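Keep in mind that what you see is a predicted model, and the values were worked out from it rather than measured.
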Amino acid sequence: MSDPAVRFAASDDIGVITLNRPDNRNSMTPELLDAFAAATAEARAARLRCLVVTGTGSCFSSGADFKSSVQRDADQRAPSERSYAMYEPFLSLLDIAVPVIGALNGHAVGGGFGLALVCDLRIGALDAKYGANFVRLGLAPGMAISYLLPRLIGVARASELLLTGRLVDGAEAERLGILNRAVPAEAVLDEALALARTIAGNAPLAVRATKRAIQRGLDLQIRDAARLEAYAQAESLATSDAREGIAALLAKRPPTFTGS
């Protein structure tokens, strides 16, 4: 195919990664995974303030492609290492310093659901299905789903979804807290981009520090988390953006942040 399996584009400090194999439900083929890793590397190298991840067609991603060998035949590593290597391109989003918004244009199932959970925020289609159906296939979850989902919606609710393999629609996903917002499918990308523009309008160093504190704070004791925040806040207070933000507040005008 001449069309790339994954596209990356950037405009006005906002990047967009698009899974582009709708005929195969944007499933995790070696081609798509390699292209996703390359797109993520482009995003890391770009001067972004926010990143959006979306797909084409009726699926955000259906996860593993069981019609093809996702774990590469030539890979001689241990089975656990081969499994991890399969998910690593999607997990590379964790290396993005700026906020990542999942614009879930359609179904996000299995590894595709894991990709959605790796994002910091999620806007999803109302009529799509979301969840990890691994146990219905005789498999244990992968891609850190059993780590991410309990932290997102609580242990009891996550346990129910993971142990039953039940999929939920957009409305229920929003109620559970999986989605920040559920909207009609045709509005998903516009809603995600509007959210990205709001985030990109804030002080970029402070936004990055806030994301880092949220990620690290999940596994800290409360006083350790407060100290981590205090360190980040002291650093941000010394920036030009902080001086500009305070000056703009006092002058009752919009701030102009430069990332310095």
Side-chain angles (χ1 to χ4, degrees), residues 8-17 36-54 88-103 115-123 144 147-154 177-181 189-260:
F8 171 74
S11 177
D12 297 328
D13 301 318
I14 296 169
V16 179
I17 290 176
F36 191 90
T40 304
E42 282 190 76
R44 282 201 306 273
R47 294 179 61 85
L48 301 179
R49 293 193 179 189
C50 200
L51 177 67
V52 174
V53 181
T54 192
E88 176 57 28
F90 280 179
L91 289 170
S92 65
L93 275 187
L94 296 170
D95 300 324
I96 301 292
V98 301
V100 179
I101 301 171
L115 176 59
L117 295 184
V118 170
C119 298
D120 301 298
L121 302 163
R122 285 155 295 279
I123 308 295
Y147 173 95
L148 293 165
L149 191 60
R151 285 162 173 76
L152 186 63
I153 66 172
I178 294 169
L179 298 179
N180 294 85
R181 285 192 287 284
L189 185 56
D190 286 343
E191 190 84 7
L193 289 171
L195 179 58
R197 285 191 289 270
T198 298
I199 292 170
N202 292 324
L205 296 179
V207 167
R208 289 182 178 217
T210 300
K211 171 174 174 170
R212 191 165 59 246
I214 291 169
Q215 288 179 323
R216 293 180 60 188
L218 288 171
D219 292 316
L220 295 174
Q221 296 295 321
I222 187 167
R223 289 189 180 278
D224 293 331
R227 287 188 180 280
L228 177 66
E229 283 185 339
Y231 179 81
Q233 192 173 75
E235 278 196 327
S236 65
L237 192 59
T239 65
S240 297
D241 277 349
R243 290 191 290 275
E244 165 64 9
I246 294 167
L249 173 68
L250 295 175
K252 298 182 179 179
R253 60 171 175 81
T256 301
F257 295 123
T258 61
S260 60

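- Residues Val118 and Leu148 are in side-chain contact: their nearest non-hydrogen atoms beyond the backbone lie under 4.5 Å apart.
- Residues Asp241 and Pro204 come closest through the heavy atom pair OD2-CD, 3.4 Å.
- Nearest approach of Phe8 to Gly15, heavy atoms of both residues: CE1-CA, 4.0 Å.
- Of the inter-residue distances, the one linking Arg208 atom CZ with Ile96 atom CD1 reads 9.5 Å to the nearest 0.5 angstrom.
- Annotation: Arg253, atom CZ; neighbour count of heavy atoms from other residues, nucleotides and ligands within 6.0 Å is above 12.
- Partner of Pro99 under the side-chain contact (heavy atoms from CB on, under 4.5 Å) criterion, out of Val52, Asp120, Leu51: Asp120 alone.
- For Thr239 (side chain) and Glu235 (main-chain N/O), no donor-acceptor pair under 3.5 Å exists by modelled atom type.
- Using a 4.5 Å heavy-atom threshold, the side chains of Arg181 and Leu195 count as touching.
- Here the closest heavy-atom approach between residue Leu152 and residue Arg122 is recorded as CD1-NH2, 3.3 Å.
- Between Asn180 and Glu191 there is no side-chain heavy-atom pair separated by less than 4.5 Å.
- Here the shortest heavy-atom pairing between Ala37 and Pro89 reads CB-CB, 4.2 Å.
- Every residue two or more places apart in sequence or in another chain was checked for a side chain to side chain donor-acceptor pair (under 3.5 Å) with Asp95, and none qualifies.
- Annotation: the span from Leu218 atom CG to Ile214 atom CD1 amounts to 8.0 Å, rounded to 0.5 Å.
- How far CZ of Arg151 is from CD of Gln215: 12.5 Å, rounded to the nearest 0.5 Å.
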Trace of the side chain to side chain contact (heavy atoms under 4.5 Å, CB included) decision for Val98 with Lys211: CA-CA 7 Å; Val98 301; Lys211 171 174 174 170; 5.9 Å; no
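- Across all non-hydrogen atoms, the minimal contact from Leu48 to Ala10 is CD2-CB, 3.9 Å.
- Asp12 is not listed as a side-chain neighbour of Arg197, based on a closest heavy-atom distance of 4.5 Å or more.
- Side-chain contact between Leu205 and Phe257 is absent, with no heavy-atom pair separated by less than 4.5 Å.
- With a 4.5 Å cut-off on side-chain heavy atoms, Tyr147 and Asp219 count as touching.
- A donor-acceptor pair under 3.5 Å is formed between the side chain of Thr54 and the backbone N or O of Ala103.
- Summarising the geometry, atom CG belonging to Leu249 is positioned 8.0 Å from atom CD1 belonging to Ile246; distances are rounded to the nearest 0.5 Å.
- Taking CZ of Arg49 as the reference point, atom CD1 of Ile199 lies at 12.5 Å (rounded to 0.5 Å).
- Between Ile178 and Leu149 there is a side-chain heavy-atom pair separated by less than 4.5 Å.
- If you take CD1 on Ile123 and CG on Asp190, they are separated by 11.5 Å, rounding to the nearest 0.5 Å.
- Closest approach of Gly177 and Ile153 over heavy atoms only: C-CG2, 3.9 Å.
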